[in-house]
Amino acid sequence: MHDYRSHKCAELRKANVGETVKLSGWVNRKRDHGGLLFIDLRDTYGITQIVIDSDSPLLSEAEKWRNEYVICVTGKVVERAAEVVNAKLPTGEIEVRVEAAEVLSEAAVIPFQVAEDDNAGEDVRLRYRYLDLRRDAMQKKIRLRNNVIASVRRRMWEQDFQEFNTPILTASSPEGARDFLVPSRLHPGKFYALPQAPQQFKQLLMMSGFDRYFQVAPCFRDEDSRADRLAEFYQLDVEMSFITEEDVYNTMEPVLQGLFEEFADATGEKRAVTQAPFPRIPYDEAMLKYGSDKPDLRNPLEIVDVTDIFARDDVEFRAFKSVIEGGGVVRAIPAPKISEKSRKFFDGLNDWARGEGAPGLGYIKFADGEGAGPIAKFVPAEAQDALKAKMGIGDGDAVFFVCDKEGAAAKLAGKARDKICEAIGGLLEQGVYKFCWIVDYPLYELNEETGKVDFSHNPFSMPQGGEAALDVDDELELLNVKAHQYDCVCNGYELCSGAIRNHKPEIMIKAFGAVGYDQSVLEEKFGGMLSAMRYGAPPHGGCAFGIDRIVMLFCDEPNLREVNAFVMNGQFEDTLMNAPSAAEEPQLKDLHIKLNLPKPKITEADSAEAKTA
RNA sequence: GCGGACGUAGUUCAGUUGGUUAGAACGCCGGCCUGUCACGCCGGAGGUCGCGGGUUCAAGUCCCGUCGUUCGCGCCA
């Protein structure tokens with residue numbers, strides 16, 4: 001027989017009764033009846049109950065085994081009497097009568113429980129991640145993650161994509177976040193950057209003629225964390241040659257639809273998935289109707305621009321009028337069937353808007369053919385009728401208003417749309433993954449701080465209309481240039497971002513030059529790729545999916561750290577491995593690095609100590 | 001960098017208006033228990049109430065500072 005096991009802990013059934021078997025695993029739980037000891041033996045596959053009774057010389061020894069001891073037992077599979085069958089366990093019809101046992105590894109008293117969920121704090125769980133990962137919930141999530149990645153790989157291979165590895169020690173890429181830097185010993189004063197994404201490499205692979213690339217790629221960004229943002233994360237990175245936007249959608253939609261259908265019941269609830277082709281929503285339309293470039297389409301409310309109504313001569317609401325005269329807009333969010341809602345409902349939303357930095361959230365509610373609410377008296381009946389007609393609402397409904405400069409108004413209206421949907425309740429469609437593509441992103445945007453035009457997303461995207469689109473008289477006209485750039489959105493999460501790339505060096509130079517980057521800067525930062533473009537680059541494009549976010553969606557888990565085996569805490573510290581940590585002096589010397597650390601804060605206690613000393 | 005929440009036993013938490021020796025559950029240790037499966041019963045150990053300062057006759061509780069954790073903003077696809 002094998003040294004450690006003949007079967008796994010989820011394997012034995014009635015059919016095995018009478019066999020002598022060997023099992024290894026962890027002591028999950030013990031139930032000690034004095035002359036009779038039950039142990040739930042656990043491995044990653046499941047649990048088998050093993051029994052030691054008073055005739056066994058092992059009993060006194062086994063009573064000392066604590067939870068999480070690793071043991072190996074040999075014994076006979078016996079059928080349980082009908083009244084003690086455990087229907088909750090797949091192995092519940094049998095148990096193993098132990099004839100021999102060996103402790104493979106003792107376990108100290110554990111800092112939190114593995115067998116049951118005791119809600120231990122994240123800091124403790126991360127410090128003892130190996131224990132945390134033994135918990136059933138974590139085993140399930142990590143296994144799911146692995147299965148998702150395996151499925152993605154299979155689906156990509158089936159579509160003739162080749163899987164590549166690209167360098168980790170590389171140069172800064174154009175994503176715009178802070179780089180993690182790695183000092184070079186051989187080149188004093190120079191640094192590698194960890195890739196924020198393999199963006200340039202995948203494009204270079206296209207220029208190398210590989211045609212269809214994918215990678216489950218680690219990406220690194222040195223920005224502050226969030227629940228759904230880590231320093232290291234994984235992307236399903238994809239790039240294709242000789243393709244248009246439509247080819248990207250047509251290629252990726254079956255992968256996504258298939259993947260989501262495969263794992264749609266991971267939480268136990270079977271969910272419907274948008275069928276390809278997914279809706280394509282232009283960026284401008286998304287910002288108008290949903291106030292977001294990652295709209296949650298489960299929310300049925302749609303924002304309407306009603307600037308024209310508040311601009312009417314017979315409407316005398318000065319607060320909005322003055323903003324409109326200054327170039328602002330009014331956006332309206334319908335709130336259907338809220339006639340039974342109390343004053344508190346409206347006040348609550350108003351308070352929420354103040355919390356968001358708005359002066360408030362104006363509204364009109366309609367009942368008995370009349371508008372009511374603080375603003376209603378400024379809007380005469382005729383204008384109210386126009387408003388109702390434009391928004392497709394009537395008695396029993398209400399409408400909320402946001403008024404600001406276009407960008408800010410759209411954004412706040414978007415947040416209000418979510419908030420109102422939530423406040424009304426029961427509106428958000430359940431049990432679905434709703435996909436869409438947001439397309440026609442602007443190539444440039446106005447930097448609010450500097451007042452200058454800069455790239456809004458990926459500077460390597462091809463402008464729609466090609467080089468001619470960049471011929472403008474006024475820099476501000478650049479803001480109208482759209483890019484062949486798109487995002488894939490699911491339930492309000494941006495899952496993917498991509499673009500048809502700029503494969504022509506002259507357009508590249510012009511696109512950068514238009515916003516003040518000299519060609520020399522381009523040559524210095526992206527010289528390799530620019531030169532590759534000059535030696536025959538195919539038209540190409542692709543996208544990158546956030547694998548972690550996809551797994552989060554499948555697990556219904558709002559925190560990214562729950563779907564990764566080993567993760568850093570919110571301060572980007574790995575308390576298990578003790579990283580980051582100080583470097584040894586000889587290492588620094590090798591790297592020609594002298595530290596210039598911030599001065600430690602002087603506390604009152606320190607200064608008091610200094611005085612006495 | 002900024003804001004909110006939290007910080008009490010190994011873990012998760014309770015702790016009233018500031019008032020006796022700071023409690024519960026799980027875990028741990030000891031004892032009992034032959035059909036449990038979240039086994040049960042009896043007993044016990046375990047606390048720098050994050051840290052520092054202040055107010056007070058009296059502080060886990062109030063105030064100030066600080067550190068830590070977490071969520072968010074800024075930042076970032």
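In what follows, chains carry the letters A, B, and so on, assigned in the order in which the sequence lines appear, proteins first and then strands, with residues in each chain numbered from 1. Just so we're clear, the structure is a prediction, and the values are computed from it rather than from any experiment.
Going from the P atom of B:G60 to that of B:G1 covers 32 Å, rounded to whole Å. With both ends at atom C1', the span from B:C13 to B:G74 equals 34 Å, rounded to whole Å. A distance of about 12 Å separates the P atoms of B:C41 and B:G27, rounded to the whole Å. Here the separation of B:C6 from B:A14, taken at their C1' atoms, is 15 Å to the nearest Å. If you take atom C1' in B:U56 and the same atom in B:C62, they sit 10 Å apart, rounded to whole Å. Here, B:U11 and B:C67 have their P atoms 23 Å apart, quoted to the whole Å. The separation of B:G10 from B:G46, taken at their P atoms, amounts to 11 Å, rounded to a whole angstrom. Spacing of P atoms, B:A24 relative to B:U70, comes out at 30 Å, to the nearest Å.
The residue A:Arg127 sits apart from the nucleic acid: no heavy atom pair falls under 4.0 Å. Across all strands, A:Gly121 comes closer than 4.0 Å only to sugar-phosphate atoms, never to a base (heavy-atom distances). Residue-level contact check: A:Glu494 touches the bases, meaning some heavy atom is under 4.0 Å from a base atom. Residue contacts shown for A:Asp224 include a base, since a base heavy atom lies under 4.0 Å away. Among the heavy atoms of the strands, none lies under 4.0 Å from A:Glu68. At a threshold of 4.0 angstrom between heavy atoms, the contacts of A:Gly92 with the nucleic acid are absent. Among the atoms of the strands shown, only primed sugar atoms or phosphate atoms (P, OP1, OP2) are found under 4.0 Å from some heavy atom of A:Glu573. If you check every strand for non-hydrogen atoms under 4.0 Å, A:Asn569 touches sugar and phosphate atoms only. Backbone-only engagement by A:Asn559 is indicated by non-hydrogen atom pairs under 4.0 Å involving sugar-phosphate atoms exclusively. Using a 4.0 Å heavy-atom criterion, one finds that A:Tyr441 contacts the bases of the nucleic acid, with or without backbone contacts as well.
Side-chain proximity of A:Asp55 to B:U34, B:A38, B:U11: nearest is B:U34. Of the candidate nucleotides B:C37, B:U70, B:U34, B:C37 has the atom nearest to the side chain of A:Arg31. Comparing B:U34, B:U36, B:U11 by their nearest atom to the side chain of A:Leu36 picks out B:U34. Proximity note for A:Arg29 (side chain, C-beta onward) versus B:C71, B:G10, B:C39: the nearest is B:C39. Checking B:U11, B:C71, B:C39 against every side-chain atom of A:Val124, the shortest atom distance belongs to B:U11. Of the candidate nucleotides B:U69, B:U36, B:C26, B:C26 has the atom nearest to the side chain of A:Gln113. Between B:C76, B:A38, B:C29, one nucleotide has an atom nearer to the side chain of A:Arg66 than all others, and that is B:C29. Looking at the side chain of A:Glu223, the nearest of the listed nucleotides B:C76, B:U34, B:A38 is B:C76.
Within the shown strands, nothing qualifies as a pairing partner of B:C37 under the Watson-Crick or G-U definition with both distances less than 3.5 Å. B:G10: Watson-Crick or G-U partner is B:C26, with both key distances under 3.5 Å. In this structure B:C2 sits in a base pair with B:G72, meeting the Watson-Crick or G-U test at under 3.5 Å. Remark: B:C62 base-pairs with B:G54; criterion is Watson-Crick or G-U wobble with both hydrogen-bond distances under 3.5 Å.
Judged by distance alone, with hydrogens and angles left aside, A:Asp123 brings no side-chain donor or acceptor close enough to the base of B:G68 to form a pair under 3.5 Å. The base of B:U69 is not paired with the side chain of A:Gln571 by any donor and acceptor separated by under 3.5 Å. At a cut-off of 3.5 angstrom, counting only N and O atoms as typed in the model, there is a donor on one side and an acceptor on the other between the side-chain of A:Arg229 and the base of B:C75. In terms of polar N and O atoms assigned as donor or acceptor, the side chain of A:Arg80 comes within less than 3.5 Å of the base of B:C37 in a complementary pairing.
Under the stacking definition used here (centres under 5.5 Å, planes under 30°), the residue A:His33 qualifies as stacked on the base of B:C39. In this structure, A:Phe38 counts as stacked on the base of B:U36 under the 5.5 Å centre distance and 30° plane angle limits.
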*asked:* Between A:Phe164 and A:Phe214, is the ring-ring contact (aromatic ring centres under 6.0 Å, His included) condition met? List the steps.
replied: CA-CA 6 Å; A:Phe164 285 78; A:Phe214 90 97; 8.9 Å; no
*Evaluation steps, ring-ring contact (aromatic ring centres under 6.0 Å, His included), between A:Phe220 and A:Phe233*: CA-CA 7 Å; A:Phe220 306 87; A:Phe233 58 98; 8.2 Å; no
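Here the C1' atom of nucleotide B:G10 and the CD1 atom of A:Ile110 are 10 Å apart, to the nearest Å. In this structure, the CG atom of A:Leu126 is 7 Å from the P atom of B:U70, given to the nearest Å. One atom, CZ of A:Phe180, and another, C1' of B:C75, lie 13 Å apart when rounded to the nearest Å. We find that CZ of A:Phe572 is positioned 11 Å from P of B:U70, with the value rounded to whole Å. Rounded to whole Å, atom C1' of B:C33 lies 10 Å from atom CD of A:Glu63. As rounded to whole Å, 18 Å separates atom P of B:C33 from atom CD1 of A:Ile52. Rounded to whole Å, the distance from CG on A:Asn28 to C1' on B:C26 is 15 Å. Rounded to a whole Å, the CG atom of A:Leu89 is 14 Å from the P atom of B:U36.
Looking at A:Trp437 and A:Glu253, their side chains do bring a donor and an acceptor atom within 3.5 Å of each other. A:Thr44 and A:Gln139 share a donor-acceptor pair across their side chains, judged by distance under 3.5 Å alone.
Proximity of a side-chain donor or acceptor of A:Asn28 to a complementary backbone N or O of A:Leu41 within less than 3.5 Å is not detected. Remark: side-chain polar atoms of A:Arg125 are not paired, donor with acceptor, to backbone N or O of A:Ala120 under 3.5 angstrom.
For A:Lys30, no side-chain nitrogen or oxygen approaches OP1 or OP2 of B:U36 to under 4.0 Å. The side chain of A:Arg226 contributes an N or O atom lying less than 4.0 Å from OP1 or OP2 of B:C73.
No side-chain heavy atom of A:Cys543 sits under 4.5 Å from any side-chain heavy atom of A:Asp237.
Note on A:Glu106 versus A:Arg66: no salt bridge recorded, every NZ/NE/NH1/NH2 to OD/OE distance being 4.0 Å or above.
Toward the 5' end of RNA chain B, the nearer of the two residues A:Asp118 and A:Val109, judged by each one's closest nucleotide, is A:Asp118. Residues A:Phe112 and A:Arg178 both approach RNA chain B. Their nearest nucleotides, taken by heavy-atom distance, put A:Phe112 toward the 5′ side.
Separation of the A:Tyr213 and A:Phe201 ring centroids does not fall under the 6.0 Å cut-off.
Screening A:Phe455, A:Tyr486, A:Tyr283 for a ring-ring contact (aromatic ring centres under 6.0 Å, His included) with A:Tyr441, the sole residue that qualifies is A:Tyr283.
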